[in-house]
Amino acid sequence: MAKQTAGHDLLGDFAPQFAKLNDDVLFGEVWSKESELSAHDRSLITIASIISAGNLEQLDAHLKIGKKNGITKEEIVAEITHLSFYAGWPKAWSAFNRAKEIWKED
């Protein structure tokens, strides 16, 4: 996985400790442990968590990461459909609208 710099790039001047934790710990240490969970599976889990919590501002970025990590259109459709019954129908609609744009060429 490529070195994550979003924390530094977007929040480094404003919240440097948070940016460092984001880039170095969350993405640098946790996401990089592929022997425990693949990047594909981490993406599925992360996307499910974001949708369930309704934190849709972060969803686009993680859908794009998930697609890079090998999540297929069929998998994301199945995941969001499944989540609709547990996380809520409106959250699923919102997630589908975002996912449809990211997987539009598939």
Task: Aromatic plane relationship, Tyr86 with His82 - under 30° parallel, 30 to 60° tilted, over 60° perpendicular - done: tilted

Open item on the list: With a 6.0 Å cut-off (strictly less than), is the heavy-atom count around NZ of Lys20, excluding the residue itself, greater than 12?
Closed with: no

TODO: Go through Ile51 and Ile47 one step at a time and tell me if the side chain to side chain contact (heavy atoms under 4.5 Å, CB included) criterion holds.
DONE: CA-CA 6 Å; Ile51 293 169; Ile47 291 165; 3.7 Å; yes

Can you tell me if [X] uses its side chain to pair, donor with acceptor, with the backbone of [Y] under 3.5 Å?
{"X": "Thr81", "Y": "Ala78", "value": "no"}
{"X": "Trp103", "Y": "Leu63", "value": "no"}
{"X": "Lys64", "Y": "Ile102", "value": "no"}

Would you mind reporting whether [Y] and [X] have side-chain heavy atoms less than 4.5 Å apart?
{"X": "Ile76", "Y": "Thr72", "answer": "no"}
{"X": "Thr46", "Y": "Ile65", "answer": "no"}
{"X": "Lys91", "Y": "Leu83", "answer": "no"}
{"X": "Asp41", "Y": "Asn69", "answer": "no"}
{"X": "Arg42", "Y": "His62", "answer": "no"}

Task: Qualifying residues under ring pair (Phe, Tyr, Trp, His ring centres under 6.0 Å), relative to His40, sequence neighbours excluded - done: none

Open item on the list: Nearest 0.5 angstrom please: Ser43 OG to Lys67 NZ, how far?
Closed with: 13.0 Å

Open item on the list: Could you measure the distance from the CD atom of Glu105 to the NZ atom of Lys73? Nearest 0.5 Å is fine.
Closed with: 12.0 Å

Open item on the list: For Ala92 versus Ser84, what's the shortest heavy-atom pair and its separation?
Closed with: CB-CB, 3.4 Å

Would [X] end up clustered with [Y] when hydrophobic side chains under 4.5 Å apart are linked, directly or stepwise?
{"X": "Ile50", "Y": "Trp31", "result": "no"}
{"X": "Val30", "Y": "Ile45", "result": "no"}
{"X": "Phe96", "Y": "Leu56", "result": "yes"}
{"X": "Leu21", "Y": "Phe14", "result": "no"}
{"X": "Val77", "Y": "Ile80", "result": "yes"}

Task: Residue list, side-chain hydrogen bond (donor to acceptor under 3.5 Å, both in side chains) with Glu79, at least two apart or on another chain - done: none

Open item on the list: Run Asp23 and Thr5 through side-chain hydrogen bond (donor to acceptor under 3.5 Å, both in side chains) and show every step you take.
Closed with: CA-CA 6 Å; Asp23 296 350; Thr5 62; 5.7 Å; no

